[in-house]
Amino acid sequence: MNDELKDFEQELYKKIIAGEELSENELSAVICCFGVGTESKTIVRINGKYYAIEWVRDLTGKRGDSYGNQPYEVLKRTKPVTDWVPVSWKQNEEDEDY
């Protein structure tokens, strides 16, 4: 990482921890410079059946979104998941929703 990018990272970090809002340009730059990818799976319903389409959003704006596969049939299944929550979130040990 070059010095200019490190300085930019520190500037953004200071704003974030100070609770300052980032501009749209800053948010876009954060996603572009520090994003680790935006992978997604979209579920569609066609003729009463559910299909998944996996795709990746291009964070650079140069190549466009890419689609990794053709739709494939899926079933809905509930399972425990790991989720990203705000640091300020406090988990109540008795709360069975999480």
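FYI, side chains are in, hydrogens and waters are out, and symmetry mates aren't considered; it's all heavy atoms of this structure. Bear in mind the structure is a predicted one, so any value in this text is a computation, not a measurement.
Other residues, nucleotides and ligands contribute only 12 or fewer heavy atoms inside 6.0 Å of the OH atom of Tyr13. The local environment of CD in Glu21 is sparse, with at most 12 non-hydrogen atoms from other residues, nucleotides or ligands closer than 6.0 Å.
Glu26 has a carboxylate O that lies under 4.0 Å from a charged side-chain N of Lys15, or vice versa, which qualifies the two as a salt bridge.
To the nearest 0.5 Å, atom OG1 of residue Thr42 and atom CH2 of residue Trp55 are 5.5 Å apart. In this structure, Leu12 CG and Gln10 CD are separated by 9.5 Å, a value rounded to the nearest 0.5 Å. Taken to the nearest 0.5 Å, the OH atom of Tyr50 stands 11.0 Å off from the CD atom of Glu73. Rounding to the nearest 0.5 Å places CD of Glu4 at 13.0 Å from CD of Glu9.
Criterion: ILVMFWY side-chain heavy atoms under 4.5 Å apart, direct or through other members. Under it, Ile46 and Tyr72 are not part of a common hydrophobic cluster.
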